[in-house]
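These notes are about the structure you will find just below.
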Amino acid sequence: MCLAIPMKIQSISGPSATCEAGGLTQTIRIDFIKDASPGDYVMVHAGFAIQKMSEKEAIDNFKLLEEIQNAL
Amino acid sequence: MLYDDFFKHPKDVSVILKRMEELTHITGPIRLMEICGTHTMAIARSGIKTILPQSIQLISGPGCPVCVTPTNIIDMVLDLSKRPNLLITSYGDLLRVPGSIQADNLLHRKASGSKVEAVYSPMDAIQIAVSHPELEVVFLGVGFETTAPGTAACILEAAAQNLTNFSVLCLLKRTEPALRSLIESPDFAVDGFLCPGHVAAVIGSDAFSFLSDDYHLPGVVSGFEPGDLLYSILELTSMIAQHQPALKNEYSRLVHSDGNPIAVQLINDVFYPIANDWRGLGHIENSGYAIKEKYALWDTWKKFSLHPALNKPNSNCRCAQVIRGTFSPTSCPLFRKICSPENPVGPCMVSGEGACAAAYQYEI
Ligand code: SF4
């Protein structure tokens, strides 16, 4: 139906934000994202950011999978 | 960006596959179900099914919101589209789903004069309503918990703007009651679940703990890249081998145990759970959302006093069984012969996330 894609916030104006992904710019809503700021990565679904993603969490996620792999 | 490459191009795939193979010597043949249409497509596109050990079977469940919308609702909407000065908006896929008559869908109705517009976001539907005060704009709100908070935000926006020519036909569905109903059905035969990452991003990974707590079934909340899928399948296989069902969160870069509490609050502010009909699963208590009385002005059901007719399922289409994971798309006698994405008989072939469309595009 609608794919969710990760986008990077460029600027914020009220409940809306301009985001970029793969060279495409789009205006989305950030109604339910706490403390969103330019530079943040958000997962966007049907025109709304559903959650923020931090580099720290991506690294933790990466480590989790590495751990599983090392346990093999 | 955010370690994308690692998840997209996992290293040492052969080690993971070898471990899976070893585990299947303990488990025997197993069936894992994905319950998210985006997973169905991601699995098909990645070609993972072709490299997994033969004893691991991946099957699609009721995870495509367009596919689980029953025929009588589509018929009701087709009827609604006949009204003058009424414009129907929704996500593109839904507009192509046929009602009880094949090839009768909203896009065809548009060609014969009805007002129908595809939108990317419900906010676009609001914009159309603002610029066309002479039209009644109806947004067909399908989707699961991922789409629910955005739909709620739109209803609040319409209320804030006092936009009286806009309403939402709420067809939103809740995952948990549907899964419980599927698991409790007599033909249920699944050993573990790949849980929907973007639903969990909203309602939290904890929302899926009932799988292991109440049914002793393992679940892994998974991301959508090949690396995510491989690790999640490995985790499921290993929990099955060890007889230690639990709920794990593989997609921790996006999914928190409590999800996005602001989004959940928004859902609860605007909607309440209500019984709902699913294609393939039937009538399930508390499995849908309805708009609260406070926002009745923006509720299409109430605004136009709508009542769907009794269901007249298309007898030739096997979507209902495909959605339950009891029938594979390629076994359908209509598959490829009569039913194709260009000429779909059922919603599983229409939707980009449908199991039949995925099989059509990627299976030989
Ligand atoms: S192939 Fe077509 S007719 Fe057969 S189950 Fe899928 S959508 Fe229905």
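Order of the sequence lines sets the chain letters (A, B, ...), proteins ahead of strands, with each chain counted from 1.
Of the atoms belonging to B/Asp124, not a single heavy atom falls under 4.5 Å from chain A.
Residues A/Asp31 and B/Ile262 have side chains not in contact (no heavy-atom distance under 4.5 Å, counting atoms from C-beta outward).
Listed options B/Pro122, B/Cys64, B/Pro149 were ranked by heavy-atom pairs under 4.5 angstrom with chain A; first place goes to B/Pro149.
B/Glu157 and A/Arg29 get closest at one heavy-atom pair: OE1-NH2, 3.1 Å. Of all non-hydrogen atoms in A/Phe48 and B/Ser121, the two that sit nearest each other are CE1-OG, 4.0 Å. In terms of heavy-atom proximity, B/Leu254 sits nearest to A/Lys52 at CD1-O, 4.4 Å.
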**OP:** Show your reasoning for whether side-chain contact (heavy atoms from CB on, under 4.5 Å) applies to A/Phe32 and B/Gln265.
**Re:** CA-CA 9 Å; A/Phe32 31 95; B/Gln265 187 59 48; over 6 Å; no
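Between the B/Asn260 side chain and the A/Gln51 main chain, no donor and acceptor come within less than 3.5 Å of each other.
Atom OH of B/Tyr251 sits about 5.5 Å away from atom CE of A/Met53, to the nearest 0.5 Å. From A/Ile5, atom CD1 reaches atom CZ of B/Phe224 across 13.5 Å, with rounding to the nearest 0.5 Å.
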